[in-house]
Amino acid sequence: MKNKIEKKILLFLLYTFTITWLFWGLIIIGNNFFNTLWYGEMLFWIPYLLGALGPMMSFYILYKKYPKEFSFTSFRDFIFNKNITKKVVLLFLLYILWRFFMVWFGLGIENPVSIIYMFINLPLMIVGGGFEEIGWRGYLQPKLERVISYIPATIVVGVIWAIWHFPLWMIKGTVQSEISFSLYIIMTIILSFSFSTLYKYSENITLCVVAHAWYNACIGLAVYIGSDGYLRLDIGFKILILYIIEFIVAVILGIIYNQRRDVTHNKYFKIS
């Protein structure tokens, strides 16, 4: 049984990296050899967004390949699960407010017009980032927790998530190109715990999609507006403390959840 799970994990990673790196590789080739597909151009967004959908596409491929494994009747039912309790809504709102606090207190962005950009950019961030959660938290995280325990699984997902983004360091203009890769790995590990905790308590991948997109909108705001228009992300003492607090809280909540629930069980998977 364990070998079957590992095989599906490897298939998911193979499909995800192939799809994403193929499309993002086209951008790199266009930049370096044909003076085209530059960041921000209209044509740039086609391969960029298709590449960003790699984890979701891989999940869908595996859903069609192994339909008996999943308990939901359709892929749409999985994404748009409507079972949201008041506690889940409260948890999600606290997450959204926490990001507001990070922007205001940690990054020092107070201009109301700047804050509006977070909402304006949200739809693009859902396609260009949020939909990743369908693959990372919706498929890879639960599968890994059948092989290794919660904390190592979450760290592994965070590291894989960071490596998956690696081609973006070769594309001038992306947020990732102005952040050190080692720092980015730390950030993705922290967010891996945050998003996995949100998913465990909510059992709703849509909320993870929006939470991921909201984070991207906040960080994009900090990079492009908070630094006076220059492509730069300054990690100061305040924002560092906030990341540490988020990490500690997410880990504690995740451990509490896993002590109360059987982590080998996931309502979206029938068999391993």
Side-chain angles (χ1 to χ4, degrees), residues 5-29 31-32 37 39 44 47-62 125 127-199 205 208-209 211-213 215-216 219-220 223 231 233 235 243 246-247 250-251 254:
I5 297 172
E6 292 173 348
K7 176 186 176 182
K8 291 169 186 174
I9 289 173
L10 290 175
L11 279 176
F12 171 80
L13 294 176
L14 175 63
Y15 296 152
T16 299
F17 275 78
T18 300
I19 293 169
T20 300
W21 285 18
L22 173 64
F23 285 110
W24 289 354
L26 291 176
I27 297 174
I28 296 171
I29 292 172
N31 288 177
N32 289 277
L37 298 179
Y39 183 86
F44 164 85
Y48 176 79
L49 294 177
L50 287 172
L53 294 175
M56 183 184 75
M57 293 180 185
S58 300
F59 189 168
Y60 184 75
I61 292 171
L62 290 170
M125 296 301 176
V127 179
F131 281 149
E132 295 173 24
E133 292 304 307
I134 295 171
W136 301 131
R137 253 56 63 177
Y139 190 86
L140 182 59
Q141 178 85 26
K143 283 293 186 184
L144 271 177
E145 288 190 40
R146 286 177 165 84
V147 180
I148 55 180
S149 60
Y150 162 68
I151 290 180
T154 311
I155 294 173
V156 169
V157 172
V159 173
I160 291 173
W161 187 17
I163 295 173
W164 174 78
H165 282 92
F166 187 74
L168 298 182
W169 271 264
M170 304 177 193
I171 302 173
K172 186 177 180 180
T174 62
V175 173
Q176 287 80 3
S177 65
E178 295 301 317
I179 304 174
S180 70
F181 188 65
S182 57
L183 174 62
Y184 192 78
I185 291 178
I186 295 174
M187 292 172 65
T188 54
I189 290 175
I190 293 173
L191 291 173
S192 184
F193 278 97
S194 295
F195 295 146
S196 66
T197 298
L198 178 61
Y199 183 51
I205 200 65
C208 287
V209 169
H212 186 145
Y215 174 83
N216 284 6
I219 293 302
V223 170
L231 192 61
L233 179 61
I235 303 297
Y243 270 119
E246 179 175 339
F247 175 71
V251 171

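- Between the side chain of T197 and the backbone N or O of A250 there is at least one donor-acceptor pair closer than 3.5 Å.
- A tilted orientation is assigned to the rings of F59 and Y139, their planes being inclined by 30° to 60°.
- In terms of heavy-atom proximity, R137 sits nearest to P142 at O-CD, 3.1 Å.
- A donor-acceptor pair under 3.5 Å is formed between the side chain of T174 and the backbone N or O of L168.
- Using a 30° and 60° split on the angle between ring planes, Y215 and Y243 fall in the perpendicular class, above 60°.
- The distance between the ring centers of W136 and F195 does not fall below 6.0 angstrom.
- Judged by distance alone, with hydrogens and angles left aside, the side-chain atoms of S177 form no donor-acceptor pair with the main-chain N or O of K172 at under 3.5 Å.
- Across all non-hydrogen atoms, the minimal contact from L37 to N31 is O-ND2, 3.0 Å.
- For the residue pair A162 and W169, the shortest heavy atom distance occurs at O-CZ3, 4.4 Å.
- Using a distance-only test at 3.5 Å, with no hydrogens or angles considered, a donor-acceptor pair links the side chain of T188 to the main chain of I185.
- Taking all atoms of both residues into account, the shortest heavy-atom contact from F131 to L53 is CD1-CD2, 3.7 Å.
- Side-chain atoms of W164 and T16 form no donor-acceptor pair, as typed in the model, at a separation below 3.5 Å.
- Other residues, nucleotides and ligands place no more than 12 heavy atoms under 6.0 Å from the OH atom of Y60.
- Of all heavy-atom pairs spanning I148 and P152, the tightest one is CD1-C, 3.8 Å.
- Below 30°, between 30° and 60°, or above 60°: for F17 and W21 the angle between ring planes is above 60°, a perpendicular geometry.
- Here the closest non-hydrogen pair linking A153 and E145 is CB-CG, 3.8 Å.
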